[in-house]
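A short write-up of the structure that comes next.
We count ligands from 1, going down the list as the structure has it; atoms in each ligand are counted the same way.
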Amino acid sequence: MTLHKSAIDRLCKRHVPLSDYSTYGVGGLANYLAMPETSADLAELLQDCKRLGMPWYIFGMGSNILFPDEPNKDMVYISLKRLVELAVRDDKWYVASGTPMSLLSLMGLIGGGDSLDFTFLLPGCVGAGIYMNAKYNASQVCDILDTVYYIDTMDPGLSVRSIPASECQFAYKQSIFQHHPWIIIGADLNTPVSSEEQISSTALLLQEWKTRGSHPSSLPSFFSFFLGEVHALAGRGIPTPQSMLDIIKYRTSKRHFDYPSCGSVFKNNYDYGVAIGSLVDQLNLKGTEYGGAIISPHHGNMILNQNHAKATDILYLMNVITEAIHQRFGFIPEPEIVLV
Ligand SMILES: Cc1cc2nc3c(=O)[nH]c(=O)nc-3n(C[C@H](O)[C@H](O)[C@H](O)COP(=O)(O)OP(=O)(O)OC[C@H]3O[C@@H](n4cnc5c(N)ncnc54)[C@H](O)[C@@H]3O)c2cc1C
């Protein structure tokens, strides 16, 4: 395919290993990968894709997706990880899609509230957090939203639209965005802006993230960045609350950041009433290996990439779990990770 000088030429890197853009460290070479920093660049890129008949795939930090070993040659992979902004607009916090969710917890901490604490050390960007309605314990991303801004890719003008959070059909790991060809650009939060100090310190944090934290989709560097920032805030007299200390304890005890993974592989089945991790435990499947992948010995609902795993190794182990749960417990678990 011959391409004219275009947004695709300007914004896409060529022949990029998708494994560098996924916390699973899995994925073959993409012919085209872009990380637009503005919604105008994103819209231009999408217009080009439409004009040239090239498919695209939107993602964030890649902490909930399994890229293929052999990507589609014409696909334009678009990570919004650099579409980063946290600003006050009309007295509300506006957060752009690529901003890490975990940054919200630090912003909340500076402001003195606790409603954003649950996002601490939750991998991934705000856009995907809204798309997946990411959660920790009883708190979900939908709890902190006021309005979501998105592009409807069927709209020829690709204009930005808005939808109140109350109309986003949020439920356990579900949102309206999973059922429409919409790209989330950002959102207004329902968390109040507390002070000038919160605004200026949040701007500094965001700058830190852009210069030091935002590049690799690596779980250890994600963890060390946010742990370092919370310690720095403690050094400035903003102590780490117990809820965040508990998160550090939980995620390190489950070894969340030691091996490449995408967190929980399956959604819990609340009708059945027992977490998938416990069912895998009952089935004695923890520690089962295939190729370079292993069912985590520490958390039955995580499959780790322990040694250059292929997507097919992870899919194989997902299948092992699915069949065993179906046979013993009578239901088919629904994948949480998105298979690209
Ligand atoms: C160690 C570990 C622990 C985890 N713990 C939790 C947890 O406690 N709770 C939890 O809920 N999740 C957890 N996850 C999963 C992950 O953090 C969330 O699903 C997160 O929302 C994914 O963000 P991302 O930017 O990495 O999304 P990606 O993996 O990049 O994308 C996920 C999906 O969102 C879509 N998407 C991304 N951005 C947009 C956008 N702007 N507009 C429209 N669609 C979009 C993609 O197409 C894809 O389908 C964990 C993951 C890891 C690796």
Margin query: Quick check: do Thr191 and Leu104 have side-chain heavy atoms less than 4.5 Å from each other?
Written below: no

Notebook entry, point to check: Are the ring centres of Trp209 and Phe226 closer than 6.0 Å?
Noted result: yes

Check: So is Lys173 close enough to ligand 1, meaning a heavy atom under 4.0 angstrom away?
Finding: yes

Note to self: Under 4.0 Å, heavy-atom basis, I'd like to know which part of Asn64 is in contact with ligand 1: side chain, backbone, both or neither.
What the structure shows: both

Checklist line | Spatial distance of atom CG (Asn64) from atom OH (Tyr131) [nearest 0.5 Å] | finding: 9.5 Å

Note to self: Could you work out, for atom 45 (C) of ligand 1, the closest of Phe118, Tyr131, Phe177 by heavy-atom distance?
What the structure shows: Tyr131

Notebook entry, point to check: Is there a side-chain contact between Cys262 and Ile65 (heavy atoms, below 4.5 Å)?
Noted result: no

Check: Is any side-chain heavy atom of Val280 less than 4.5 Å from a side-chain heavy atom of Asn301?
Finding: no

Note to self: Is there a polar contact between ligand 1 and Thr23, counting only N or O atoms under 3.5 Å apart?
What the structure shows: no

Next item on the list: Can you sort out which atoms of ligand 1 are near Cys262, meaning under 4.0 Å from one of its heavy atoms?
Entry: 51 (C), 52 (C), 53 (C)

Note to self: Regarding atom 1 (C) of ligand 1: of the candidates His256, His299, His180, Lys267, which has the closest heavy atom?
What the structure shows: His256

Next item on the list: Output yes when the distance from some N or O of ligand 1 to some N or O of Pro123 is under 3.5 Å, and no in every other case.
Entry: yes

Notebook entry, point to check: What protein heavy atom is closest to atom 3 (C) of ligand 1, reported as residue, atom name and distance in Å?
Noted result: Arg251 NH1, 3.6 Å

Note to self: Could you tell me if the side chain of Ile8 sits less than 4.5 Å from the side chain of Leu45, heavy atoms only?
What the structure shows: yes

Check: By number and element, which atoms of ligand 1 are closer than 4.0 Å to a non-hydrogen atom of Ala134?
Finding: 11 (O), 21 (O)

Check: If you count the atoms of ligand 1 from 1 in the order shown, which ones are under 4.0 Å from a heavy atom of Ile183?
Finding: 42 (N)

Checklist line | Nearest-contact summary for atom 28 (P) of ligand 1 - protein heavy atom, Å | finding: Gly62 N, 3.7 Å

Margin query: Are Ile248 and Met244 packed together at the side-chain level, in the sense that at least one heavy-atom pair is separated by less than 4.5 angstrom?
Written below: no

Note to self: Nearest non-hydrogen contact with atom 10 (C) of ligand 1 belongs to which option: Lys135, Met61, Lys81?
What the structure shows: Lys135

Margin query: Any heavy atom of Gln178 closer to ligand 1 than 4.0 angstrom?
Written below: no

Margin query: Please check: side-chain N/O of Ser264 versus main-chain N/O of Phe266, any donor-acceptor pairing under 3.5 Å?
Written below: no

Next item on the list: Given ring-ring contact (aromatic ring centres under 6.0 Å, His included), test Tyr21 with Phe67 step by step and report yes or no.
Entry: CA-CA 9 Å; Tyr21 294 83; Phe67 283 127; 8.3 Å; no

Checklist line | Any donor-acceptor pair under 3.5 Å from Asp313 side chain to Gly292 backbone | finding: yes

Next item on the list: Look at atom 37 (C) of ligand 1 and say which protein heavy atom is nearest, naming residue and atom and giving the distance to 0.1 Å.
Entry: Ala128 CB, 3.5 Å

Margin query: Using a plain distance cutoff, I'd like to know if Gly60 has any nitrogen or oxygen under 3.5 Å from a nitrogen or oxygen of ligand 1.
Written below: yes

Notebook entry, point to check: Near Leu122, which atoms of ligand 1 are under 4.0 Å from a heavy atom of that residue?
Noted result: 6 (C), 7 (C), 8 (O), 9 (N), 10 (C), 12 (N), 13 (C)

Notebook entry, point to check: Under a 4.5 Å cut-off applied to non-hydrogen side-chain atoms, are Glu334 and Lys173 in contact?
Noted result: no

Notebook entry, point to check: Are any of the N/O atoms in Ser63 less than 3.5 Å from those in ligand 1?
Noted result: yes

Note to self: Below 3.5 Å, N or O to N or O, backbone or side chain included: is there any such pair between Gly127 and ligand 1?
What the structure shows: no

Margin query: Taking the side chain as everything from C-beta on, heavy atoms only, tell me whether Leu106 gets closer than 4.5 Å to Val230.
Written below: yes

Margin query: At less than 4.0 angstrom from any non-hydrogen atom of Ser97, what atoms of ligand 1 do you find?
Written below: 41 (N)

Next item on the list: Find out whether Val126 and Ile130 are in side-chain contact, i.e. whether some heavy atom of one side chain is under 4.5 Å from a heavy atom of the other.
Entry: yes

Notebook entry, point to check: At the 4.0 Å heavy-atom cut-off, does Tyr150 count as touching ligand 1?
Noted result: no

Check: Looking at Ile176, Ile184, Ile185, which hits side chain to side chain contact (heavy atoms under 4.5 Å, CB included) with Val148?
Finding: Ile184

Check: Could you go step by step and tell me if Glu44 and Arg10 meet the salt bridge (charged side-chain N to carboxylate O under 4.0 Å, His left out) rule?
Finding: CA-CA 10 Å; Glu44 227 185 290; Arg10 187 165 62 81; 3.3 Å; yes

Next item on the list: Could you list which atoms of ligand 1 come closer than 4.0 Å to a heavy atom of Leu80?
Entry: 41 (N)

Note to self: Please compare Ile58, Val338, Ile184, Thr153 and report which has the shortest non-hydrogen distance to atom 46 (C) of ligand 1.
What the structure shows: Ile58

Check: Just which atoms of ligand 1 are under 4.0 Å from any heavy atom in Gly129?
Finding: 21 (O)

Check: Under a heavy-atom criterion of less than 4.0 Å, does Met101 contact ligand 1?
Finding: yes

Note to self: Can you give me the closest heavy-atom contact between Ile303 and Ile314, atom names plus distance?
What the structure shows: CD1-O, 4.0 Å

Notebook entry, point to check: Does any N or O atom in Tyr136 lie less than 3.5 angstrom from one in ligand 1, N or O only?
Noted result: no

Margin query: Any nitrogen or oxygen of Tyr57 lying under 3.5 Å from a nitrogen or oxygen in ligand 1? Just yes or no.
Written below: yes

Notebook entry, point to check: Which atoms of ligand 1 sit under 4.0 Å from any heavy atom of Trp182?
Noted result: 43 (C)

Notebook entry, point to check: Which residue owns the protein heavy atom closest to atom 52 (C) of ligand 1, what's the atom, and how far is it?
Noted result: Gly263 N, 3.3 Å

Item checked: Geometric N/O contact Cys125 with ligand 1, under 3.5 angstrom -> yes

Next item on the list: With Thr147 as reference, evaluate Ile163, Asn190, Asp188 under the side chain to side chain contact (heavy atoms under 4.5 Å, CB included) test and give the passing residue.
Entry: Asp188

